[in-house]
Amino acid sequence: MILAEDITPGAVSKRRGGAFVASLFAALVRGPSMAPTLRDGDALLVLRGGRPVRPGDVVVATFRSRPDLLVVKRATHEQDGGWWLRGDNEFVTDDSRAYGVADVQGRVLLRYWPKPSRLRSRIMLDT
């Protein structure tokens with residue numbers, strides 16, 4: 001679960017001749033599902049808009065079966081017009097295995113607190 005707050009709503013950027021709307025928001029990680037990549041209390045910068053989500057990206061999303069729950073997970077593959085998501089912590093199963101397909105709200109760009117770093121994509125194999 002995460003807590004999120006818009007920090008640049010409606011920021012407009014240009015991309016290859018076409019305009020798209022992109023905005024940044026901050027998110028605070030709650031829970032152990034993304035350990036060791038992310039830990040409880042990590043503060044994230046998330047981009048809504050921009051390049052499309054790719055398998056392996058860390059994203060902020062809502063599960064269709066739990067629209068009230070905002071989560072941070074890793075996208076594994078597209079399914080039914082949404083994304084199948086998995087946590088990096090193999091012992092926590094509060095991801096698509098429990099809740100099904102999710103709709104991505106944004107892609108995590110970096111952790112800015114407590115240890116600033118960019119997050120790298122990695123391919124996850126469904127088991």
Side-chain angles (χ1 to χ4, degrees):
M1 180 174 79
I2 62 169
L3 306 171
E5 175 184 351
D6 280 322
I7 58 176
T8 58
V12 177
S13 300
K14 292 275 185 184
R15 182 181 192 192
R16 293 190 181 150
F20 69 92
V21 176
S23 63
L24 296 172
F25 63 95
L28 183 64
V29 176
R30 289 288 174 228
S33 70
M34 284 298 290
T37 306
L38 298 171
R39 299 193 183 277
D40 187 75
D42 284 355
L44 310 175
L45 186 62
V46 183
L47 178 66
R48 182 180 292 128
R51 76 159 170 81
V53 173
R54 298 177 188 148
D57 286 347
V58 177
V59 298
V60 170
T62 54
F63 291 109
R64 292 177 183 171
S65 64
R66 295 280 314 270
D68 58 317
L69 180 65
L70 194 60
V71 298
V72 60
K73 304 287 181 198
R74 195 172 296 276
T76 62
H77 63 273
E78 289 184 82
Q79 182 173 322
D80 300 328
W83 281 88
W84 193 260
L85 306 178
R86 294 281 300 261
D88 285 359
N89 185 340
E90 65 184 84
F91 300 109
V92 180
T93 60
D94 65 343
D95 52 27
S96 288
R97 293 170 287 179
Y99 301 119
V101 175
D103 295 313
V104 171
Q105 306 300 313
R107 185 172 46 87
V108 176
L109 296 177
L110 56 91
R111 171 183 39 230
Y112 65 87
W113 193 86
K115 295 180 182 178
S117 65
R118 291 191 67 174
L119 295 183
R120 299 190 189 277
S121 292
R122 79 172 198 217
I123 301 299
M124 289 188 63
L125 301 174
D126 286 328
T127 54

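Any value given below was found using the heavy atoms of this structure, including those in side chains, with hydrogens, waters and symmetry copies removed.
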Closest approach of [X] to [Y] (non-hydrogen atoms, all atoms of both residues):
X: Gly82; Y: Asp103; answer: CA-OD1, 4.2 Å
X: Ala61; Y: Leu85; answer: CB-CD1, 3.6 Å
X: Leu47; Y: Ala22; answer: CD1-CB, 4.0 Å
X: Gly41; Y: Leu28; answer: O-CD1, 3.3 Å
X: Asp57; Y: Pro52; answer: OD2-O, 4.3 Å
X: Trp84; Y: Arg97; answer: CZ2-N, 3.9 Å

Under the rule for salt bridge (Lys or Arg N to Asp or Glu O under 4.0 Å), what residues qualify as partners of Arg39, not counting sequence neighbours?
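Salt bridge (Lys or Arg N to Asp or Glu O under 4.0 Å) check on Arg39 returns nothing, list empty.
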With sequence neighbours excluded, tell me which residues meet salt bridge (Lys or Arg N to Asp or Glu O under 4.0 Å) with Arg111.
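Expected list: Asp42.
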Connected via hydrophobic side-chain network under 4.5 Å: Phe63 and Val92:
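Phe63 and Val92: separate clusters.
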Restricting to side chain to side chain contact (heavy atoms under 4.5 Å, CB included), what partner residues turn up for Asp40, sequence neighbours left out?
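Asp40 satisfies side chain to side chain contact (heavy atoms under 4.5 Å, CB included) with Arg30 only.
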Can you give me every donor-acceptor pair (side chain of residues 65-72, partner residue at least two apart or in another chain, under 3.5 Å) with its distance?
unit_1 : atom_1 : unit_2 : atom_2 : d
Ser65  : OG     : Tyr99  : O      : 2.7
Arg66  : NH1    : Tyr99  : OH     : 3.3

Roughly how far apart are Leu44 CG and Leu24 CG, rounded to 0.5 Å?
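Those atoms lie 12.5 Å apart.
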Does the side chain of Leu119 come within less than 4.5 Å of Met34's, by heavy atoms?
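They are not in side-chain contact.
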Is the shortest side-chain heavy-atom distance between Trp83 and Val59 below 4.5 Å?
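Not touching, per the 4.5 Å side-chain cut-off.
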Please identify each residue that fulfils side-chain hydrogen bond (donor to acceptor under 3.5 Å, both in side chains) with Gln79, with sequence neighbours left out.
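Once residues adjacent in sequence are excluded, the partners of Gln79 under the side-chain hydrogen bond (donor to acceptor under 3.5 Å, both in side chains) criterion are His77.
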Candidate list Lys73, Arg86, Arg74, test salt bridge (charged side-chain N to carboxylate O under 4.0 Å, His left out), partner Asp95, passing option:
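So the option named by the test is Arg86.
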Tell me if a side-chain donor or acceptor on Asn89 pairs with a main-chain N or O of Pro32 at a distance below 3.5 Å.
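Side chain of Asn89 to backbone of Pro32, a donor-acceptor pair under 3.5 Å: yes, one is there.
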With a sphere of 6.0 Å drawn around CZ of Arg54, does it hold more than 12 non-hydrogen atoms of other residues, nucleotides or ligands?
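No, because the 6.0 Å sphere around CZ of Arg54 holds 12 heavy atoms or fewer from other groups.
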